[in-house]
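Since this is a predicted model, take the numbers as computed values, not measurements.
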Amino acid sequence: MLDSETIVRPVYYRIIERRGKIWAFKEGQPFVNWFNAPNLEMEDLFSLFDTSMENIAAELRRHFGGQQGYYIANILDKKYYYCGTEWNDVKTKFRELGIGRPDPAGS
């Protein structure tokens with residue numbers, strides 16, 4: 001069952017949080033796996049998309065100055081987004097990108 005913290009997104013969209021001087025890459029759990037693909041380690045997933053966590057952190061620093069808060073990285077298309085400082089800002093940014101929708105139950 002999904003809760004209010006859940007975000008459903010394609011695998012190539014990664015959520016990153018800047019906490020102090022640390023870049024925290026959020027893992028998450030698969031929701032659906034139509035092709036029975038293996039659940040890869042994060043480093044291996046980034047490698048499949050010809051990048052790394054270090055490269056993503058450098059891009060986020062370059063584009064946004066490393067400000068505190070949440071980010072989204074589209075590692076397929078190499079696009080980066082700053083969301084804001086609250087978890088709901090991530091959900092809002094995904095909706096702006098056409099991913100997801102508000103909960104019809106209103107929770």
In Å and rounded to the nearest 0.5 Å, what is the [atom1] to [atom2] distance from [X] to [Y]?
X	Y	atom1	atom2	answer
Lys93	Tyr81	NZ	OH	8.0 Å
Tyr71	Ile16	OH	CD1	9.5 Å
Met53	Leu45	CE	CG	9.5 Å
His63	Tyr80	NE2	OH	6.0 Å
Trp87	Lys26	CH2	NZ	6.5 Å

Just wondering, are more than 12 heavy atoms of other shown residues or ligands nearer than 6.0 Å to [atom1] in [X]?
X	atom1	result
Lys79	NZ	no
Glu86	CD	no
Asp50	CG	no

Does a side-chain heavy-atom distance below 4.5 Å link [X] with [Y]?
X	Y	answer
Gln67	Arg18	no
Cys83	Thr92	no
Asp44	Glu41	yes
Tyr13	Ile75	no
Ile72	Arg14	no
Phe94	Ile15	yes
Glu17	Ile22	no
Asn55	Phe46	no

Verify the distance criterion only: is there a donor paired with an acceptor across the side chains of Asp89 and Tyr70 at less than 3.5 Å?
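There is no such pair (donor and acceptor under 3.5 Å, judged by atom type) between the side chains of Asp89 and Tyr70.
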
Could you tell me how the ring of Tyr82 sits relative to the ring of Phe64: parallel (under 30°), tilted (30 to 60°) or perpendicular (over 60°)?
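Because their plane-to-plane angle lies in the 30° to 60° range, the rings of Tyr82 and Phe64 count as tilted.
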
Indicate the atoms forming the closest heavy-atom contact of Trp23 with Ala57, along with that distance.
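Taking every non-hydrogen atom into account, CD1-CB, 3.7 Å.
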
Which atom names give the shortest non-hydrogen contact between Lys78 and Thr51, and what distance separates them?
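Looking at all heavy atoms of both residues, the closest pair is CE-CB, 4.3 Å.
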
Set of residues satisfying ring pair (Phe, Tyr, Trp, His ring centres under 6.0 Å) with respect to Phe49, sequence neighbours excluded
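By the ring pair (Phe, Tyr, Trp, His ring centres under 6.0 Å) rule, Phe49 matches no residue at all.
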
Under 3.5 Å, side chain of Asn74 to main-chain N/O of Leu76, donor-acceptor pair present?
yes

